[in-house]
> 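There's a structure below that I have some questions on.
Naming: A, B, ... by sequence-line order, numbering from 1 per chain. Not measured: the values here are computed from a predicted model.
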2 protein chains.
Amino acid sequence: MNSSSPSDRASLPVQTIVPTMADIRAAAARLAPVAVRTPLLEVPALSRRVGGRLLIKAEALQRTGSFKFRGAFNRISLIPAADRPKGVVAFSSGNHAQGVACAAAMLGAPATIVMPSDAPAIKIENTKGYGAKVITYDRLKENREAIGAKLAAETGATLVKPFDDPGLIAGQGTVGLEIAEQCLALGLTPDQVIVPASGGGLLAGVATAVQSIYPNARAIVAEPAGYEDHARSLEAGRRVAINPGASTLCDALMSPEPGEITWAINSRAITGAVAAADPEVAEAMRQAFLHLKLVVEPGGAVGLAAALLGKLPTEGKVTVVVCSGGNVDPELFARILGRAI
Amino acid sequence: MNSSSPSDRASLPVQTIVPTMADIRAAAARLAPVAVRTPLLEVPALSRRVGGRLLIKAEALQRTGSFKFRGAFNRISLIPAADRPKGVVAFSSGNHAQGVACAAAMLGAPATIVMPSDAPAIKIENTKGYGAKVITYDRLKENREAIGAKLAAETGATLVKPFDDPGLIAGQGTVGLEIAEQCLALGLTPDQVIVPASGGGLLAGVATAVQSIYPNARAIVAEPAGYEDHARSLEAGRRVAINPGASTLCDALMSPEPGEITWAINSRAITGAVAAADPEVAEAMRQAFLHLKLVVEPGGAVGLAAALLGKLPTEGKVTVVVCSGGNVDPELFARILGRAI
């Protein structure tokens with residue numbers, strides 16, 4: 001992983017190692033044989049609705065049902081071969097768990113995933129289905145970071161963080177590299193890229209790649225209402241945490257604070273923020289069903305919701321939205337199709 | 001359109017002009033800037049279930065929500081520029097209607113689509129949404145072919161048939177060309193390709209392309225129970241029609257008889273047939289939702305149902321399935337997710 005240039009580093013809030021475009025290209029080469037090159041979809045009905053071109057990066061189609069596979073595979077690839085048999089440890093209640101479990105199995109590293117005991121059964125099952133060992137903990141009484149760190153220390157396993165890691169961010173950045181390449185093939189210059197954010201790893205990677213190729217492209221962060229830690233941090237001019245008590249459909253986007261490394265990137269990259277409430281997210285999921293034929297989970301649809309809300313200037317512009325995941329329970333999806341939400 | 005070689009033609013039941021690989025490659029060049037290169041998806045859960053590699057060609061993601069756009073765009077491209085302003089006419093209750101309407105609009109040909117008055121409102125709306133003029137008819141009292149032919153004769157418009165046309169078949173064949181290219185990139189040789197069939201246009205195109213590159217690949221036709229006109233024709237050794245009274249979820253696959261040109265191709269290409277009943281189709285749609293994050297309509301899922309039924313030899317084999325469309329009403333999809341079917 002390359003460090004940023006000395007002049008950049010001097011002005012960062014902390015000395016932070018951020019991934020470069022070279023790291024993202026290296027990740028793309030590692031991922032080419034194993035990841036889905038997800039299509040950039042466009043349908044007239046949605047483009048008409050925003051009065052411009054609306055391009056959807058269909059990352060719900062990625063292996064394990066979300067972009068998380070990219071970062072996990074790249075990060076675990078960077079573990080020296082001699083250390084891989086000692087395994088990897090991760091904590092997550094959902095998409096990161098599945099991404100790490102799948103990537104670890106493909107790379108010959110035993111995986112232990114620390115998951116809350118009240119995580120959806122389907123997510124625990126899927127994670128086990130990729131061959132990982134799952135350790136559950138009590139969300140109210142125990143600290144998952146401490147459990148993960150203890151496991152790593154005891155076994156020599158490598159902790160694969162959910163977002164605040166340069167190797168992980170470089171992997172997520174391949175989403176942005178593909179967007180840039182696909183826009184190039186279409187002869188379109190993206191005016192703005194809207195990316196859902198929790199800790200900000202996907203956004204940091206996508207912004208780095210897209211703005212490296214299209215320097216004038218705006219990066220817009222999409223967050224669930226009640227979890228606008230990036231919007232608040234932008235206002236404050238520094239990384240701030242929100243009070244994470246709000247209820248939201250977007251179970252994948254409940255991080256209370258931007259990451260340290262991700263914020264070092266995103267604080268410079270982001271030029272706008274939009275929050276979407278549950279009914280708006282549900283409507284975006286219905287639009288994805290009807291027009292894109294894509295199953296998008298709530299957290300994965302918050303960017304599309306942001307695009308359709310009419311709060312961003314989309315008239316006559318090329319807007320790219322990342323639909324980042326599709327791991328949603330059938331019961332919830334059926335309720336949303338039935339307009340119960 | 002090239003004719004087949006003289007020796008082939010002598011042995012065909014009628015002198016039929018069938019599209020060649022060169023026609024399919026020409027169609028691919030026309031479609032490259034406008035069609036979605038749909039991904040070939042694989043998930044461990046489904047591959048494990050068949051005991052081999054199961055690759056899904058996600059054609060539900062195609063423009064207009066089904067493969068029909070490919071054939072329509074290629075066919076309309078072949079109309080001389082001077083004749084395009086006279087327009088195109090098509091009859092269809094669903095996916096072909098939307099494919100023709102969209103392609104015609106892109107190619108500057110006014111489109112008139114003859115649809116049954118009891119077609120789902122959403123399909124009529126979508127067809128109008130692409131700018132087509134919709135003429136409805138009474139399914140019980142009027143003949144849609146006659147209405148279409150009369151319109152074409154009166155206006156000089158070109159009739160775009162739903163499946164029995166070499167230019168259309170060549171367009172559908174680009175699905176097969178992409179499958180072959182994607183298998184090549186994965187280093188996999190397809191043992192069999194399962195394709196849903198109504199009139200057989202998609203199957204004819206896919207079989208031509210895939211078997212041209214992988215001559216040993218088997219072509220399997222998947223049909224809804226009650227609409228096994230291809231299976232019956234294979235048994236009879238000639239093109240036969242079934243009695244189309246059966247009820248089926250697969251509204252897109254209700255043609256009672258293989259086409260003449262498609263049968264000239266498919267009678268040689270097909271090496272097996274599988275039928276799936278409604279509950280099996282519904283289960284395939286749930287699997288596509290859960291594991292592929294793909295919205296697949298009943299007719300589009302019959303091939304996946306065939307792969308999962310256990311009637312085909314899939315153990316240790318590379319099986320490719322085309323999921324051909326995703327235009328399904330939200331109410332029906334919600335019922336299927338809820339296991340009401």
> Tell me, side chain or backbone of V43(B) under 4.5 Å from chain A's heavy atoms, or both, or neither?
neither
> Whether the E59(B) and T38(B) side chains hold a donor-acceptor pair (N or O, under 3.5 Å, no angle test) is what I'd like checked.
yes
> Quick one: are L177(B) and I213(B) in side-chain contact, heavy atoms under 4.5 Å?
yes
> Please look at V328(B) and chain A and tell me whether the side chain, the backbone, both or neither of the residue comes under 4.5 angstrom of a heavy atom of that chain.
both
> Under a 4.5 Å heavy-atom cut-off, does chain A meet the side chain of R339(B), its backbone, both or neither?
neither
> Would you mind telling me which of P330(A), A60(A), A32(A) has the largest number of heavy-atom pairs within less than 4.5 Å of chain B?
P330(A)
> With heavy-atom distances below 4.5 Å as the criterion, would you say the side chains of L308(A) and Q287(A) are in contact?
yes
> With respect to chain A, which residue among K293(B), E297(B), R48(B), E331(B) yields the maximal number of heavy-atom pairs within a distance under 4.5 Å?
K293(B)
> Do the side chain of E280(B) and the main chain of A306(B) share a donor and acceptor less than 3.5 angstrom apart?
no
> Within the 3.5 Å criterion, strictly below it, is a donor on S66(A) or Q98(A) matched to an acceptor on the partner's side chain?
no
> Can you tell which part of L294(A) gets under 4.5 Å to a heavy atom of chain B, answering side chain, backbone, both or neither?
both
> Tell me yes or no: between the side chains of R30(B) and S77(B), is some donor less than 3.5 Å from an acceptor?
no
> Select one option (side chain, backbone, both, neither) describing which atoms of L61(B) are under 4.5 Å from chain A's heavy atoms.
both
